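Here is the structure we will look at.
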Amino acid sequence: MNDALRSLLDLLALERIEQDIFRGESRASVVPRVFGGQVAAQALVAAGRTVPADRPPHSLHAYFLRPGDPGAPIVYTVDRIRDGRSFTTRRVVAVQHGQPIFHLSASFQTAEEGLEHQEPMPPAPDPLELPTAAEMLPRHAERFLAPDVAERLLEARAAIDLRYVDEPPYVTVGEPREPRSQVWFRTQGKLDDDGVIPRPLLDICLVTYVSDMTLLDSILLAHGRGGWAVGDVVGASLDHAMWFHRPLHADEWLLYDQESPTAQSGRGLGKGRIFTAEGQLAVSVIQEGVIRVPRD
């Protein structure tokens, strides 16, 4: 486990300041606001710490309400909406400077047998054959708005080994492509089983953290745009929904298959499926985001 992953785990290990109230720290992102995946993951940790460990999350639905201030802590208040025999429901509001910045509803379920089917895993190359971020980003640093953007991106993603199957949007600026993208990802090192956050909650929260990193890429690809780092679009996440279907391990390779069915009205929709390396469909993701072309 590298230092960046240890730092991320510390970030997710919220301080309990009352029975259902938690406080989390923030850290600087590559944009002047808190990374949305961090807030979503911390909110899910807060909800999960009020639920028995044998009931992992099976879904979450969230709205990003205001940009988070990376220089201030975030307070997470959990409402215990329902505790049923099979399902548990929690609502979490994240607050900074007296205002809500994020709202999450999450549902948890005890293990249960039932009917099973799934879509097949799409073809993808071996992740170990793909370039790492440390190999890819410096190679294209001249495309970014500022000389230090590549370094900042590497620092922000140092806890996660994330590898693009095809070239990312910032490489193919001006060349519209099919609105599909794939990345392999895993944590930079093995996770402990005796940490503050029990597994499988920890694995699910880490996947929630990563799920916000690349989901809107497919929208950019459809229009030959490079993204905020290139400066040809501005954007932010609006809402985020995830369904956790089968067990997964965040420290093992996961394939994130993403596409965009539509973009309009200054918004774009991203859909994702996360598969284990063995081909099990583990997670489904949908997110809408603001995608605007800057005015001259």
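Remember, it's a predicted structure, so these values are computed and weren't measured experimentally. Below, all heavy atoms of this structure are taken into account, side chains as well, without hydrogens, waters or symmetry copies.
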Practice problem: Say whether D212 and Q287, considering side chains only, have a donor N or O and an acceptor N or O under 3.5 Å apart. | Solution: yes
Tell me which donor-acceptor pairs under 3.5 Å the side chains of residues 38-49 have, and how far apart each pair is, sequence neighbours excluded?
| from | atom 1 | to | atom 2 | distance (Å) |
| --- | --- | --- | --- | --- |
| Q38 | NE2 | E25 | O | 3.4 |
| Q38 | NE2 | S26 | OG | 3.4 |
| Q38 | NE2 | Q42 | OE1 | 3.3 |
| Q42 | OE1 | Y76 | OH | 2.6 |
| Q42 | NE2 | L11 | O | 2.9 |
| Q42 | NE2 | E25 | O | 3.1 |
| R49 | NH1 | L14 | O | 2.6 |

Exercise. Check whether L60 and V283 end up in the same hydrophobic cluster, where Ile, Leu, Val, Met, Phe, Trp and Tyr are linked by side-chain heavy atoms less than 4.5 Å apart.
Key: yes
Quiz item: How about Q109: does its CD atom have over 12 heavy atoms from other parts shown lying under 6.0 Å from it?
Solution: yes
Self-check item: Heavy-atom side-chain proximity of V293 to D232 below 4.5 angstrom
Solution: no
Quiz item: Do other residues, nucleotides or ligands put more than 12 heavy atoms under 6.0 Å from D3 CG?
Solution: no
Quiz item: Can a donor-acceptor pair be found between the side chains of T172 and R177 at a distance below 3.5 Å?
Solution: yes
Quiz item: Side chains of R180 and S218: donor-acceptor distance under 3.5 Å anywhere?
Solution: no
Practice problem: Dump the intermediate steps for salt bridge (charged side-chain N to carboxylate O under 4.0 Å, His left out) on E116 and R246, then the final yes or no. | Solution: CA-CA 11 Å; E116 282 211 22; R246 294 173 177 84; 3.6 Å; yes
Quiz item: Are V210 and L191 in one and the same hydrophobic cluster, where Ile, Leu, Val, Met, Phe, Trp and Tyr link if side-chain heavy atoms are under 4.5 Å apart?
Solution: yes
Quiz item: Y209 versus F35: any side-chain heavy-atom pair under 4.5 Å?
Solution: yes
Quiz item: Is a side-chain donor or acceptor of E178 paired with a backbone partner of A222 at a separation under 3.5 angstrom?
Solution: no
Practice problem: Say whether H61 and S105, considering side chains only, have a donor N or O and an acceptor N or O under 3.5 Å apart. | Solution: no
Quiz prompt | E259 vs D257 side-chain heavy atoms within contact, under 4.5 Å | solution = no
Quiz item: Between D193 and R199, does at least one N-O distance fall below 4.0 Å, as a salt bridge requires?
Solution: yes
Self-check item: Min side-chain heavy-atom separation F64-H240 under 4.5 Å
Solution: yes
Quiz item: Are side-chain heavy atoms of T50 and F22 found at a separation under 4.5 Å?
Solution: yes
Quiz item: Any donor and acceptor pair, going by atom type alone, linking the side chain of T276 with main-chain N or O of L248 inside 3.5 Å?
Solution: no
Quiz item: Mind checking whether F87 and F108 have side chains closer than 4.5 Å, heavy atoms only?
Solution: no
Self-check item: No-hydrogen, no-angle side-chain donor-acceptor test under 3.5 Å, Q258 and T214
Solution: yes
Self-check item: H245 vs S284 side-chain heavy atoms within contact, under 4.5 Å
Solution: yes
Quiz item: Should the pair D20-R80 be classified as a salt bridge under the 4.0 Å nitrogen-to-oxygen rule?
Solution: yes
Quiz prompt | Flag side-chain contact, heavy atom, 4.5 Å: R91 against V78 | solution = no
Quiz item: Would R90 and D83 count as a salt bridge (charged side-chain N to carboxylate O under 4.0 Å, His left out) if you check the C-alpha gap in whole Å, the side-chain angles of each, and the deciding distance to 0.1 Å?
Solution: CA-CA 9 Å; R90 295 290 185 262; D83 289 286; 2.9 Å; yes
Quiz item: Charged N to carboxylate O below 4.0 Å: is that the case for R267 and D239?
Solution: no
Quiz item: Are E175 and R225 close enough for a salt bridge, meaning some N to O gap below 4.0 Å?
Solution: no
Self-check item: Salt-bridge criterion met for R186 and D251 (N-O under 4.0 Å)
Solution: no
Quiz item: For T262 and Q264, does a side-chain donor sit closer than 3.5 Å to a side-chain acceptor?
Solution: yes
